[in-house]
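Below is one structure, written out as structure tokens; comments come after it.
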Amino acid sequence: MAPNPMPSALTFELIAKCSVTKARASLLTLPHGPVQLPVFMPVGTQATLKGVTPEQLEGTGCRLCLNNTYHLGLKPGQAVLDAVGGAHKFQSWPHNILTDSGGFQMVSLLELAKVTEEGVRFLSPHDGSPMLLTPEHSISLQNSIGSDIMMQLDDVIATTSPDLARMEEAMHRSVRWLDRCIAAHKYPERQSLFCIIQGGLNLELRRECCREMVARDTPGIAIGGLSGGEEKDSYCRVVDTCTGLLPEMKPRYVMGVGYPEDLVVSVALGADMFDCVWPTRTARWGNAATSSGTLNLKHGNYANDFSPIEEGCTCISCRPKSAGGLGISRAYIYHLAGKETAGAHLLSIHNVHYLLALMRSAREAIIADRYPQFVKGFFGKLYPDRTMTPSWAVTALRRVGVDLLAD
Amino acid sequence: MAELTPEQLETLPDEMRIFTIQKAIESSGPRLGRLSLAGRKVLETPNYLGNASRGVIPHLSPDNFRRHTNVSGVYLSLEDFIEKIPRDVPPIYNQDAAPNESALKRFICLPEDNIAVLGARRYTPVVGSAHNTDTSISICASVGFRSLPVQDYITATLKLCPDIAICLADVVYDHNPSRRRMEKVSDRTFSWVTKMIEQLNRPEVQESRPTLFAPIPPVPIGRQWAYIDKLSEELKDEISGLAIYDAEAIGNLPEPLTLLPRLSMSPLTSPNQLLQQIASGYDVFIVPFINLASDAGIALTFQFPPPATTSVDTRSSPVELGLNLWDKVYEADVSAVMEGCSCHCCTSHHRAFLQHLLNAREMLAWVLLQMHNHHVMDNFFARVRKSIADGTFEEDRLAFERYYVPDLPEQTGLGPRIRGYQFKSGEGDPKANPAPFTMLDAQREGLAESATPGDVPDSELIEHGFAEKTDKAS
């Protein structure tokens, strides 16, 4: 069944493994430069990260960001992407880009989408006439985008669906679509195609999917269909199960995961890559990510708070003037929030920087083989009252040898 | 013209220290000058101030402002910082500052050497129905219309320490004042200016007091002679500049006031108008059409003087002042917004990306356009100064009028969302520039993030290779 090994546009080097948990530190080298894993990837849905310039994004340390195929397929469209020479040139981003397949948005956003063996059928948002998105369409678009990492079109259904037969069908169909994606992929030597493990919350289906897809030997592997409102316990079990079956020498990407706690736990479970719109979206609501939790700076409490968004943070917004930063205060963010777009830009930069820095320090901790201490320190700061620690995190981390409640 | 060294400037008499006129053709013509305040960037005039909203140049975070503009001074309005007085003290009043540091600059992260000019009202202000009184003016804060006591403005000025503060004027915005009302304008403005000077001259505030600009309210000079007369006699050593609300007033000012720098506070909608005001001797401007153009998706492309016309194209029609990037013709155009421009937008990005950002109503469009449009204005003013120095200004100005279309290109797409403090809506008006996504709760906003761009014709989906039309739903 395994075809000839795919040419690969990436190299993956394992740098260190935690001696207690399943956490790994590695180096992923892509066509547009190296990326240190574990990594958080911010999402520039429409080829831009919500008012943040590529130069500012680069300043946060980001070297790999997401674009959404569905959105780029509509605006600016394939013809423009081809004419311009792909998404890197289009948005002047010299570093790496990962694109999704477009299927998730189809299914989650278009109420009348229907999946058939050919592809995703949906009704035109314009006049309701039937349309069809196939694995071949998705790959063709991602080839035009020129993303460094592209995702297969998969059959995504809500993990919370009780219909086991449908779940099984979706899993098998995702495998068949993977084969079609591989066949349609024009530039395997320039762009790395990742498979997406499906199977809902059913661990048996997940195991089977892992076996099938690992046999296809894609350069990297994603765990999909999660982050859709399932119990965190179930989420952790799926990630844990899958990483246990995946080859060590390939990057593992958990799609759509983004809260700081989720990242720290998922790294302990052996995942390497994450993406989420949370840091930028929440910035537009005036929320700041900090090591002691999310602060809503639109709240009157911060109107007279002249301290930085987070003391000690090294992002351009927080860094004091004496260290070449702006020394922005919470009070100033309060003053701007919801009124001038620059307030959201400053917070987006801070939030993205926060998650990137969180993963950088996780990586350092793994290399120093003190990831369990790092995890405890992280949760200790977030929940000074230990009894408030969420039980899903306690359970998941116990399974990999870290007890958050023990001294 | 010999340049003065900083040491020489220090030794100049006080009234000379802030502004020196380096070249003036005649008493009412265009002039070259230098506005220099200790420790601040020198503003070579004619020049402009960035027009801040709530302490930022709209869309430009302070890091982008520093890195990608050459703006040396900004105009700020106190009403932008007022939250809920008198119940609550505006937070900015609680900002600490080191001795000799401006609390205002610290709060908004404005570089120390940038010139902060503070006035009471935004430029241009949203006008409410309430009137000014003998002791207060009507303002529009983000929390709605309020009145600002004159004393509060003076206190705020002392607290915030801008480099330049414009004294309050009794400006009637929404109708032409009656003769009696004009008298009142003169009396009130005089009394407010006097009061401010008095308080700023108290020994305890001498240390870091702002430099004062006196307002010339928009009523005929003859109707406010009582005030103007005192300004040019008793008060002339107390003030360092004029903020003039009516462009025409400049010709009628008495001689002693002509050495002061003149900040234009009159409406300014086009480069031609700007050039006319420069021609009549204004030195400093706040140029609202920079931001308006950016919000409209228009990249300014004019230059001064206009490119030399060859005999072939002298008959051709006037050239547009800017590029409307909403225009689909730029969809796949990878050339710089303006050929040869050295701004960040033009050196890093292309028209196709700007077109896309506007079309997708992404905030980055306005960020990049603001960088570019400010850069164009920097060059414009630099060339205006050169033209005055060369003695060719009037000729160049007329050539500019002939070469370009008088008005900016028409806006064809929606701008960013705008707020109540930025414009006044009439009763029953639809929402201005509605958000691209208007879902109500957090859950649905989550969907909106990646929502279906509405109204996509099938042909587009097929053409874009996104999907194909099928015969019938299966």
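Chain identifiers are assigned alphabetically (A, B, ...) following the order of the sequence lines, protein sequences preceding nucleic acid strands; residue numbering begins at 1 within each chain. Fair warning: this is a prediction, and the values are worked out from it, not measured in the lab.
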- For B:P111, check side-chain contact (heavy atoms from CB on, under 4.5 Å) against everything at least two apart and list the hits.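 Expected list: B:F65, B:R66, B:D113, B:N114.
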- Query: Checking A:D275 side chain against A:M255 main chain: does a donor-acceptor pair fall under 3.5 Å?
  - Reply: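 Checking the backbone N and O of A:M255 against the side chain of A:D275, no donor-acceptor pair under 3.5 Å is found.
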Which region of [X], side chain (C-beta onward) or backbone (N, CA, C, O), has a non-hydrogen atom less than 4.5 Å from a non-hydrogen atom of chain A, or is it both or neither?
X: B:V334; result: side chain
X: B:I57; result: neither
X: B:Q95; result: both

Please determine, by modelled atom types, if [X] and [Y] share a side-chain donor-acceptor pair under 3.5 angstrom.
X: B:E331; Y: B:Q355; value: no
X: B:H59; Y: B:N291; value: no
X: B:H350; Y: B:S335; value: no

Under a 4.5 Å heavy-atom cutoff, which of [options] has the most pairs with chain B?
options: A:D305, A:T341, A:I349, A:I316; result: A:T341
options: A:D82, A:L49, A:L346; result: A:L346
options: A:G119, A:S144, A:G59, A:A303; result: A:A303

What part of [X] gets closer than 4.5 Å to chain B, counting heavy atoms only: side chain, backbone, both or neither?
X: A:I328; result: both
X: A:Y332; result: both
X: A:Q56; result: side chain
X: A:K321; result: side chain
X: A:A331; result: both
X: A:H345; result: side chain

- Item | Ring-ring centroid check A:Y334 A:H299, cutoff 6.0 Å | no
- Message: Just so I know, are the side chains of A:T48 and B:L357 near enough to count as touching, which here means a heavy-atom distance under 4.5 Å?
- Response: yes
- Note on the structure: Of B:A352, B:P62, B:S348, B:A365, the largest count of non-hydrogen pairs under 4.5 angstrom with chain A goes to B:P62
- In sequence, state the C-alpha distance, the side-chain angles, and the governing distance for B:R122 and B:E79, and then conclude on salt bridge (charged side-chain N to carboxylate O under 4.0 Å, His left out). CA-CA 7 Å; B:R122 292 170 65 89; B:E79 66 183 351; 5.1 Å; no
- Do you know the tightest heavy-atom contact between B:G413 and B:W326? CA-CE2, 3.3 Å
